[in-house]
Amino acid sequence: MTDAPRPEARAPRGFVDRRARDVAAERRILADVCAVYERYGFEALDTGALEYADALGKFLPDADRPNEGVFALQDDDEQWMALRYDLTAPLARFVAQHWESLPKPFRRYATGTVWRNEKPGPGRFREFTQCDADTVGSARPEADAEIIAMAAEGFAAAGLPAGAYSLKINSRKLLNGLMTRAGVTVEGQKLAVLRAVDKLDRLGPDGVRLLLGEGRLDESGAFTKGAGLAAAAAEAVLSFTAAGGGSRAEVLSRLADVVGGSAEGDEGLADLAAIDMALTRMGVGEDLAMIEPSVVRGLEYYTGAVYEAELNLSMTDDAGQPVRFGSVGGGGRYDDLVARFTGQPVPATGFSFGVSRLAAALRAAGRETAARARGPVVVIAFDQAHMGEYFAAAAELRAAGIAAEVYLGSSGMRPQMKYADRRLSPAAVILGGDEIAAGLVTIKDLDLGRQLSSGVTDNAAWRAERPGQVQAPRAQLVAAVRAIVEAGA
RNA sequence: GCCGCCUUAGCUCAGUUGGUUAGAGCGCUAGAUUGUGGAUCUAGAGGUCCUCGGUUCGAGCCCGAGAGGUGGUACCA
């Protein structure tokens, strides 16, 4: 060894390691959600993890700093590339690139890892998995309704019980109509109003009122500058956000009183009415998908309907503190994204599942189906001279569809049993010299032993008893192991 | 980005007014038990006391700066 400083064994912040149990849970969610997407007639599309930065560029938070928000690197030819931060921007690029040859409307789904170079927080990572479905090339509100219905079905397929989640729908056009109504014309002020409206569920009407006016001082001591609206304008905004609750038709009727009459407001109302009709005919209930005027979503590219999925589960963390899960999915209509490449306006709408967050939510809610990852049957490496016997036994088990492995360490029998225990193995196969000479095999049922061990206090007795241990003719290895594995499954 | 708190073994943490070789519990590796998981006992491995600078005869401890972590907040395509 040299004197070079040893590296610290740690994952970069915001990146998590997942073990078998979590991997299995996420895979299952992905498979179930993708099956729903395919049933709705969406085709799979996979694109690379890197895109040229200019293909992502316009909607970065700050176009002057290409490394902010995304992980970027420079290629040999000095072009900037960046890891994708979502699956929508790559879709827009793909559609623009292959527009001539695609069936239109183009319906595609995609799953994959995305990366965001920002400060991680509770339930917020710099690398996570998304699962998207989008329809490109249809301006019909029914395209939005279909996406919403499919999202609702996707959550059910992932294992969320009815009532545990809801989809909240709004329209950017309504929000724009609201701006007209409240007399907000300056662009910066519009953004401030939208951000304030978006916080209704967390801060309540009073907190939003402060943000619409001068600003708000939060409990950490940080001050958020407000939108600077006059009192009357602020109340108009608040009456808009208060219009939620009840059936979709009821909310629409209330909203018509606030934003009806402005061109954009009327357009938004018509869109949402069409979505409501389609949802109703597809059997999506009022308690599952509702119109919620305070939903805003991101500020950059949405142009029409927006949707957000929220969890209604209440849960606590290890310390007993209530856990707040952010949205577990969302989407909306983005009619200008493809036009960046082609100059031609192409309407599009889509939804994205936050798979990692959904898996965490299911785990916290105790609804995880892949409760634990069982280990393989362990063939004990008893004697160097008989290694061939062990590999032959493992091969027989594998051929019969039973996960099996030969212990590959050099420890004695006791550590090997500990190893099998820790792997949650269903059984250990013991082929010592005695067994081989007698044409037998000893099989230890580890699940049964785990149960019996709780009643034993004396180690000598525990060892003498050899709980859960059976002998069988060597020729019946597979049948005997199968009986034990299936009993424990 | 802004505000607060924190940083000593793999984990959770002690560490006296600044004093010699920095500790505990858990975990890990093994032995007791020559072929058996739990419990018990025993032994062992494991440390740039976050980093740099300063004060001091002497710093894990005091001072300054920085880094990292964490919790809010901002932002969240």
Side-chain angles (χ1 to χ4, degrees), chain A residues 3-6 8-10 12-14 56-63 65 68-70 82 84-90 92 114 116-122 124-126 128 130 191-192 195 198-199 202-203 211 215-225 296-302 306 319 321 324 326-327 330-332 334 337 350 352 354 378 380-383 409 411-425 427-428 430-435 442 444-469:
Chain A
D3 289 338
R6 283 172 288 170
E8 192 180 344
R10 54 174 192 157
R13 66 202 178 104
L56 303 175
K58 183 182 174 188
F59 294 106
L60 294 177
D62 188 340
R65 295 178 296 168
E68 290 288 313
V70 297
R84 62 188 178 200
Y85 55 80
D86 69 8
L87 298 173
T88 309
V114 301
R116 297 186 184 183
N117 189 4
E118 55 190 26
K119 180 187 154 189
R124 202 168 136 173
F125 307 103
R126 297 208 287 175
F128 54 97
Q130 288 195 329
L191 290 178
R195 285 172 183 151
D198 196 36
K199 293 184 175 51
R202 202 149 44 79
L203 302 180
L211 284 175
R216 175 173 177 275
L217 187 69
D218 66 55
E219 57 271 24
S220 76
F223 181 76
T224 309
K225 196 173 180 302
V296 174
R297 301 285 301 159
L299 301 172
E300 287 289 353
Y301 66 49
Y302 290 119
V306 289
Q321 296 295 308
R324 164 174 215 96
S327 81
Y334 50 97
L337 208 46
S352 176
V378 173
I380 301 293
F382 191 84
D383 181 348
S411 305
M413 185 144 177
R414 186 170 132 105
Q416 295 192 39
M417 292 303 297
K418 270 187 141 163
Y419 170 82
D421 191 40
R422 183 173 294 187
R423 292 291 304 274
L424 279 177
S425 298
I430 302 171
L431 278 164
D434 297 348
E435 283 91 346
T442 298
K444 192 171 179 90
D445 182 336
L446 295 172
D447 283 339
L448 187 57
R450 278 181 198 103
Q451 289 169 30
L452 296 174
S453 74
S454 57
V456 178
T457 53
D458 174 55
N459 183 252
W462 157 250
R463 289 169 51 129
E465 197 174 304
R466 305 211 163 152
Q469 198 157 312

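Order of the sequence lines fixes the chain letters, A, B, ..., with proteins taken first and strands second; residue numbering starts at 1 for each chain.
A:Gln416 comes within 4.0 angstrom of no nucleic acid atom, judged by non-hydrogen atoms across all strands. Nucleic acid contact class of A:Tyr419 (heavy atoms, under 4.0 Å, all strands): none. Contact annotation for A:Gln130: no contact, since no heavy-atom pair falls under 4.0 Å across all strands. In this structure, A:Lys225 reaches neither bases nor backbone, as no heavy-atom distance under 4.0 Å exists between it and the strands shown. If you check every strand for non-hydrogen atoms under 4.0 Å, A:Asp383 touches nothing.
Between the side chain of A:Glu435 and the base of B:G35 there is at least one donor-acceptor pair of N/O atoms closer than 3.5 Å. For B:G68, its base never sits under 3.5 Å from the side chain of A:Lys119 at any donor and acceptor pair. Side-chain N/O atoms of A:Arg124 and base N/O atoms of B:C75 include a donor-acceptor pair closer than 3.5 Å.
For B:U7 and B:C50, the C1' atoms lie 6 Å apart once the distance is rounded to whole Å. Using atom P as the reference point in both B:U29 and B:U20, the two lie 34 Å apart (nearest Å). The gap from the P atom of B:U70 to that of B:C13 amounts to 14 Å, rounded to the nearest Å. Between B:A9 and B:C5, the two P atoms lie 23 Å apart (nearest whole Å). Taking atom C1' on both nucleotides, B:U55 is separated from B:C61 by 14 Å, rounded to a whole Å. With P as the reference atom, B:A67 and B:A22 are 31 Å apart, rounded to whole Å. Between B:C26 and B:G46, the distance separating the two C1' atoms is 14 Å to the nearest Å. Using atom P as the reference point in both B:C3 and B:G66, the two lie 12 Å apart (nearest Å).
B:C13 is paired with B:G23 under the criterion used here, namely a Watson-Crick or G-U wobble arrangement in which both key atom distances are under 3.5 Å. When Watson-Crick and G-U wobble pairs are counted only if both distances are under 3.5 Å, B:C6 pairs with B:G68. Using N1 to N3 plus N6-O4 or O6-N4 for Watson-Crick, or N1-O2 and O6-N3 for G-U wobble, each under 3.5 Å, B:C62 pairs with B:G54. Searching all strands for a Watson-Crick or G-U wobble partner of B:G18 with both distances below 3.5 Å returns nothing. Pairing for B:U73 is with B:G1, a Watson-Crick or G-U wobble pair whose two hydrogen-bonding atom distances lie under 3.5 Å. With a cut-off of 3.5 Å on both pairing distances, the Watson-Crick or G-U wobble partner of B:U40 is B:A32.
When each of B:C76, B:U73, B:G35 is scored by its nearest atom to the side-chain atoms of A:Arg195, the top-ranked nucleotide is B:C76. Taking only side-chain atoms of A:Arg466, from C-beta outward, the nucleotide of B:G71, B:U36, B:C76 with the closest atom is B:U36. When the nucleotides B:C76, B:G35, B:G72 are ranked by their closest atom to the side chain of A:Ile430, B:G35 comes out on top. Side-chain proximity of A:Arg202 to the nucleotides B:A77, B:U73, B:U36 is greatest for B:U73. Among B:G35, B:C76, B:G37, the nucleotide with an atom closest to any side-chain atom of A:Asp421 is B:G37.
Stacking between A:Tyr85 and B:A77 is present: the aromatic ring centre lies within less than 5.5 angstrom of the base six-membered ring centre, and the two planes differ by under 30 degrees.
Atom CG in A:Leu191 sits roughly 15 Å away from atom P in B:A74 (whole-Å rounding). Note: CZ (A:Arg84) to C1' (B:A77) measures 15 Å, nearest angstrom. Per the geometry, CZ belonging to A:Phe382 stands 9 Å off P belonging to B:U36, to the nearest Å. For the pair A:Arg116 CZ and B:A77 C1', the interatomic distance rounds to 6 Å; values are reported in whole Å. Rounding to whole angstrom units, CG of residue A:Asp198 and C1' of B:A77 are separated by 14 Å.
Each of A:Leu211 and A:Pro12 has a nearest nucleotide on RNA chain B; the 5'-most of these lies closest to A:Pro12. Both A:Met413 and A:Glu118 lie near RNA chain B, and the one whose nearest nucleotide falls closer to the 5' end is A:Met413.
A:Tyr334 and A:Tyr302 have perpendicular rings, their planes meeting at more than 60° on a 0 to 90° scale where under 30° would count as parallel.
Note that CD of A:Gln416 and CD1 of A:Ile430 are 9.5 Å apart. Values are rounded to the nearest 0.5 Å. Taking CG of A:Leu56 as the start and OG1 of A:Thr88 as the end, the distance is 11.0 Å to the nearest 0.5 Å. Of the inter-residue distances, the one linking A:Arg124 atom CZ with A:Lys119 atom NZ reads 8.5 Å to the nearest 0.5 angstrom.
Listed pair A:Arg13 / B:G69 meets the phosphate criterion, a side-chain N or O lying under 4.0 Å from OP1 or OP2.
Contact annotation: the side chain of A:Leu446 never approaches that of A:Asp421 to less than 4.5 Å [non-hydrogen atoms, C-beta and beyond]. With a 4.5 Å cut-off on side-chain heavy atoms, A:Thr224 and A:Arg195 do not count as touching.
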Distances under 3.5 Å between protein N/O atoms and the N/O atoms of nucleotides 27-30 of chain B, please, pair by pair.
from	atom 1	to	atom 2	distance (Å)
B:C28	OP1	A:Arg422	NH2	2.6
B:A30	OP1	A:Ser411	OG	3.4

